[in-house]
2 protein chains.
Amino acid sequence: MDTRQRILEAAEREFAEHGFHGSSLRSITRAARVNVASIHYYYGSKEALLRATLEQIVSPVNAERLRQLDELQAEDQPPPTVEQILRAFIAPDLEMIARLGTRGAIIARFSGRSYTEPETVVSRMINDLFAEVGARFLDALCIAVPDVDSEQLRWRLRCLVAIITYLLTAQGTARALLDAEDFETTTRRLIAFAAPGMKAPSVTAGLEVV
Amino acid sequence: MDTRQRILEAAEREFAEHGFHGSSLRSITRAARVNVASIHYYYGSKEALLRATLEQIVSPVNAERLRQLDELQAEDQPPPTVEQILRAFIAPDLEMIARLGTRGAIIARFSGRSYTEPETVVSRMINDLFAEVGARFLDALCIAVPDVDSEQLRWRLRCLVAIITYLLTAQGTARALLDAEDFETTTRRLIAFAAPGMKAPSVTAGLEVV
DNA sequence: GTCTATAACGGGATAGAC
DNA sequence: GTCTATCCCGTTATAGAC
């Protein structure tokens with residue numbers, strides 16, 4: 001394997017385990033068994049290395065999400081259900097992780113970690129990378145659940161993102177769901193938990209519901 | 001205000017904003033306008049400072065959670081519903097945040113951040129602090145939803161924790177829910193989203209559901 | 001393209017004056 | 001109890017030999 005790719009995979013592992021601030025270029029180059037200067041030669045800076053790592057992982061997943069959503073929204077199709085929309089959002093991610101085996105588990109932690117990174121430059125990267133996907137899926141949900149206003153659906157979609165992120169980051173018992181079972185079961189459990197919440201009646205201020 | 005407390009509140013702010021690794025003792029003492037050595041004098045180390053900060057915030061919230069659950073499970077009461085259990089879990093947290101105003105917002109980010117901290121010593125602290133609460137609430141849920149096995153309920157409870165964590169950490173649009181609206185509305189929205197998912201039928205491997 | 005060496009700096013921790 | 005000064009280490013980044 002060439003130096004460039006060795007660096008990228010070592011960076012995945014280090015960032016996944018220790019976060020952005022907790023990883024040093026030295027620990028990455030040590031793990032990749034290359035010299036310290038090579039990161040600057042290939043990527044320019046620590047931040048640029050993170051961006052490269054993130055893009056390589058997220059871009060194909062988001063492309064697949066949009067492809068599946070396009071398929072659901074094809075002219076000759078009936079409007080997609082909430083369950084179908086959620087599946088198109090969740091499955092590409094979990095499928096990629098399952099497909100890559102050990103490296104998939106590392107990537108899972110890496111991306112979960114990146115979502116929750118305090119560094120503002122990281123959250124800006126994430127927002128950039130997810131802007132289109134977020135807007136498209138929210139639109140689809142608004143059509144599938146016309147009774148709930150879009151502001152609350154946006155918030156509920158964020159709840160789903162939160163769950164996925166947590167699932168990816170978790171190291172202990174929660175990780176078992178990614179390792180032990182096939183991604184199809186995990187996908188179904190996520191849909192089973194989140195879909196009813198998406199369809200629940202709007203909650204407006206001042207109205208006693210519970 | 002005395003030096004000890006000044007350090008603690010500055011640490012909340014710094015850790016909330018930049019995470020554990022991203023905060024330096026120097027930035028904390030600068031914000032608290034005390035000298036660098038005082039942290040070691042009062043707390044011993046950076047790690048011990050984090051633990052002190054975390055405990056001061058989390059302990060009263062968890063005590064209140066258990067108190068409310070005790071009340072629901074009193075002998076003369078009917079067994080609590082899922083909605084009641086979730087409320088006892090969610091409300092003490094959001095109520096404290098709302099009550100503290102500006103500092104509440106900082107504390108919200110701080111605790112959300114701590115949950116997702118890569119540092120293993122931090123996640124051990126969190127696990128310690130939440131062991132009892134987690135076990136008690138899981139037991140209550142198992143009784144309220146007897147049709148779903150406890151392993152899946154444990155996972156669904158984690159989903160709720162994930163959502164709360166994300167909500168607390170979020171800085172942008174999601175934060176609006178903590179600032180703009182009263183905590184009672186946020187509590188009801190959370191319950192509305194999560195309760196149906198808790199009660200959803202079990203998903204077992206190999207069974208085609210969706 | 002790959003390496004060593006080093007610059008320039010900031011980190012946590014501590015000793016010791018007051 | 002509070003401060004200054006300092007130790008010693010690890011950090012990112014770069015210069016320059018090969």
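Excluded from the calculations below are hydrogen atoms, water molecules and symmetry mates; all remaining heavy atoms, backbone and side chain alike, are included.
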Taking only the side-chain heavy atoms of S45(A) (C-beta and beyond), determine which of dA13(D), dT2(C), dC3(C) contains the nearest atom.
dA13(D)
Closest to the A37(B) side chain, choosing from dA15(C), dA15(D), dT2(C):
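Among the listed nucleotides, the one closest to the side chain of A37(B) is dA15(C).
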Check side-chain hydrogen bond (donor to acceptor under 3.5 Å, both in side chains) between E95(A) and all other residues, then give those that pass, not counting sequence neighbours.
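In terms of side-chain hydrogen bond (donor to acceptor under 3.5 Å, both in side chains), with neighbours along the sequence ignored, E95(A) is linked to R99(A).
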For Q5(A), which residues count as a side-chain hydrogen bond (donor to acceptor under 3.5 Å, both in side chains) partner, sequence neighbours excluded?
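side-chain hydrogen bond (donor to acceptor under 3.5 Å, both in side chains) list for Q5(A), sorted by chain: E9(A).
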Between dT11(D) and S24(A), is there an OP1 or OP2 to side-chain N/O distance shorter than 4.0 Å?
yes
For H40(B) and dT14(C), is the shortest distance between a side-chain N/O and OP1 or OP2 below 4.0 Å?
no
Grab the [atom1]-[atom2] distance between [X] and [N] for me, whole Å please.
| X | N | atom1 | atom2 | value |
| --- | --- | --- | --- | --- |
| I39(B) | dA13(C) | CD1 | P | 9 Å |
| H21(A) | dG10(C) | NE2 | P | 14 Å |
| L49(A) | dA13(D) | CG | P | 11 Å |
| Y41(B) | dA15(C) | OH | P | 15 Å |
| K46(A) | dT14(D) | NZ | C1' | 17 Å |
| Y43(B) | dG1(D) | OH | P | 13 Å |
| E119(B) | dG12(C) | CD | C1' | 14 Å |
| N35(A) | dT14(D) | CG | P | 15 Å |

Could you tell me if the side chain of [Y] sits less than 4.5 Å from the side chain of [X], heavy atoms only?
| X | Y | result |
| --- | --- | --- |
| T187(B) | L86(B) | no |
| Y43(B) | R4(B) | yes |
| F183(A) | D93(A) | no |

In residues 2-11 of chain A, which residues come under 4.0 Å of DNA chain D by heavy atom?
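None - not one residue of the stretch has a heavy atom sitting under 4.0 Å from the strand.
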Between R30(A) and G44(A), which residue's closest nucleotide on DNA chain D lies nearer the 5′ terminus?
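Residue closer to the 5' terminus by nearest nucleotide: R30(A).
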Taking for each residue the nucleotide of DNA chain D with the nearest heavy atom, is it R26(B) or E47(A) whose nucleotide lies nearer the 5' end?
R26(B)
May I ask you to say what S23(B) touches in the nucleic acid, namely base, sugar-phosphate or nothing, with a heavy-atom cut-off under 4.0 Å?
sugar-phosphate
If you compare all heavy atoms of A140(B) against all heavy atoms of I85(B), which two are closest, and at what distance to 0.1 Å?
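So the two residues come closest at O-CD1, 3.5 Å.
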Which of parallel (below 30°), tilted (30 to 60°) and perpendicular (above 60°) describes F193(B) and W155(A)?
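If you compare the ring of F193(B) with that of W155(A), the planes turn out perpendicular.
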